[in-house]
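Only heavy atoms go into these numbers, but all of them, side chains included; no hydrogens, no water, no symmetry mates.
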Amino acid sequence: MKVYAIKRVLGLIPTIFVIISISFAMLHLAPGDPFSSERPIPPEVRANLEAKYGLDKSPVIQYFNYVGRLLHGDLGLSIFYKDYTVTEYILKSLPTSLTLGGLAMVLALSLGVTVGVLAALFKNTYIDYSLMGIAITGISIPLFVIGPVLQYVFALKLGLLPTSGWLSSINGWSAVIMPVVTLAFIYFAEIARITRGSILEVLKSDYIRTARAKGLSTRVVVVRHTLKGGLLPIVSFMGPTLASILTGSVVVEQIFRVPGIGRYFVESALHRDYFLLLGIVVIYAALLVVFNLIVDLLYVFLDPRIDYK
Amino acid sequence: MKSTEIKEPVITSVGSDNTDNILAEEAVKGGSLTKDAMRRLRKNKIAIIGLWIVGLYIILAITAPILPIHSFSDQVLSHQNLRPSLTKTAGQLLVESRIKSLMQQENVAEVSMLSRAAVSNYTEYSEMLALEERNLNGKLVMVNNRRYILGVDDLGRDVLARVIYGSQISIAVGIFGAITSVFIGTIIGAISGYVGGRTDYIIMRIVDVMYGLPYMLLVIMLMSIFGRNIFNLFLALALVSWLTTARVVRGQIMSLKNSLFVESARSMGASNLRIVFIHLIPNTLTVIIIFVTLGVPAFILTESFLSYLGLGVSAPYTSWGALVRDGVPSMSVYPWRLLVPSAAMVIFLFSMNFIGDGLRDALDPQDKKNL
């Protein structure tokens with residue numbers, strides 16, 4: 001187990017580098033560059049700009065320069081936003097995204113698992129149908145419809161919550177509610193569906209029958225025996241999902257004007273802001289592989305049949 | 001529910017030849033896995049309703065050019081943001097708003113209290129509107145006799161027509177995208193699972209790394225490399241979303257490739273290609289069908305998401321996502337511009353998801369106990 005964990009941690013590094021290299025190559029293959037805009041800039045200015053950011057060298061040298069600086073923890077300068085370095089932008093916006101994503105995930109998980117288990121226990125009854133109806137609604141309605149509708153109802157019509165924004169001295173936590181609920185909604189639906197399916201599967205297995213035959217109460221059978229096995233698919237779903245939810249849902253951040261990292265992600269891709277985009281990719285890749293690792297290690301605790309040797 | 005159930009043969013006179021024949025026939029029919037699945041699907045009322053709705057959408061999308069609807073791109077600027085109305089023509093709605101503004105000017109509560117000048121003013125106006133002709137695409141059209149049952153957008157285009165033409169693109173992206181991605185995923189997964197060894201290892205590492213690349217980044221990059229158009233849009237989506245299919249198909253093929261029917265095919269001299277494509281892939285059809293049906297709504301969502309961010313289809317073409325984006329800013333004043341495309345999209349996605357779930361339940365042999 002320890003050997004496996006150490007091996008996996010060492011295996012993370014090449015994965016991150018492959019991801020960075022592919023992103024780097026794609027960025028340079030794409031037509032256009034950070035300085036191509038509607039208004040052409042004089043060639044002398046352009047040459048100066050390219051020299052400043054090191055873009056005048058060949059892509060291969062640029063790549064090694066970038067990786068070299070990355071190993072020193074330097075993510076470079078943003079080309080489009082000139083006020084701060086990439087590291088500063090990420091440090092400024094990542095905590096916001098992490099809070100938004102973390103809260104949404106907690107909400108989605110607690111609701112989703114509860115709903116999924118209830119639906120499974122009451123399979124093919126009206127409870128099941130209505131709960132799963134809600135879940136499928138969650139999967140079918142795009143975020144950018146839920147968000148504006150919530151805004152319209154709770155902010156414009158009822159005036160209960162602020163329309164947009166994030167934690168501030170004026171609004172306090174009230175501004176956090178709508179973005180979190182919106183983001184949680186789709187994941188809640190997904191989690192509820194997966195939970196229902198896997199709990200149904202587990203309920204059919206022999207060890208549950210044994211537990212029942214021992215005369216254990218339904219509560220104990222569900223909580224102690226079924227949940228543990230039934231949560232495996234949820235755990236594997238969580239790995240990649242956590243990374244993407246934590247790096248900020250672009251749409252939610254845009255709708256509610258949340259100052260998270262998602263905003264920079266799309267804008268930097270559109271502006272070909274090489275270093276900012278790569279910086280975000282690095283953070284995303286790191287989070288993703290770390291979460292996947294945690295998920296794999298969690299398996300062992302949840303299912304004793306899995307053994308890494 | 002009851003009418004769709006296949007009735008058990010009623011045995012009236014035990015031992016008669018007739019009944020035996022029926023029983024034998026039933027047994028043969030029940031034996032086929034596909035028939036079995038179809039029977040279970042037919043029992044699933046919601047999935048069947050979903051199937052009808054999706055069929056209707058597809059027919060509407062295909063027949064859009066011959067449907068009696070207005071053009072999706074012609075702009076009648078005087079009709080900006082007219083509300084939906086089943087009974088009133090555009091001209092009548094314009095007169096209505098004219099009367100309302102006149103009443104406001106004169107500060108009166110009823111039409112009958114309007115001054116004579118105001119009345120003649122609006123009569124003249126309505127006569128003028130009734131006769132007004134507009135040149136649209138070289139044809140003279142009496143635009144004010146038009147009816148807009150789902151309202152008009154901010155550039156004076158019929159929302160109904162835009163939603164129908166938008167569904168063409170959304171549904172096409174969904175279907176072609178899902179089929180392409182599942183196709184790629186099946187081939188790669190089958191090769192990886194069948195060949196095994198180093199090939200399998202390399203392919204699966206590539207898949208792992210691609211899982212690691214941010215999906216949106218890939219799509220945005222592909223769109224900017226190949227240019228923004230509908231074909232590239234679904235190609236970009238397909239290229240980055242075959243991963244899950246590949247993994248699942250690989251798993252299936254790996255568990256099947258050592259089975260007896262593969263061995264006997266090989267012993268009869270079947271080539272590897274033949275074994276993979278004729279014997280193994282058809283056995284994973286269940287997974288493939290489920291991935292396609294559940295892939296369609298996922299693709300439509302992603303497309304709408306890209307359109308919402310402004311990376312999807314470009315004007316004058318439109319899709320559900322683009323329509324929703326256009327509707328959001330003015331939702332408190334002109335709610336239909338948000339609600340109509342949202343409803344069209346949600347109903348379709350809803351139906352597709354129910355069909356997908358129904359198919360999965362019907363095709364999953366593990367669930368057979370619950371027949």
Residue, of B:Pro297, B:Ser304, B:Pro341, that accumulates the most heavy atom pairs under 4.5 Å with chain A:
B:Ser304

Backbone N/O of B:Ile188 and side chain of B:Ser192: donor-acceptor pair under 3.5 Å:
no

Applying the side chain to side chain contact (heavy atoms under 4.5 Å, CB included) test to B:Val182, which of B:Thr293, B:Val292, B:Leu294 qualifies?
B:Val292

Does any part of the side chain of A:Val115, heavy atoms only, come nearer than 4.5 Å to the side chain of A:Arg196, both counted from C-beta?
no

Parallel, tilted or perpendicular: rings of A:Phe275 and A:Tyr66 (30°, 60°):
parallel

Proximal component of B:Val328, with respect to chain A [non-hydrogen, under 4.5 Å]
side chain

Contact leader toward chain B among A:Ile136, A:Thr137, A:Val251, where contacts are heavy-atom pairs under 4.5 Å:
A:Ile136

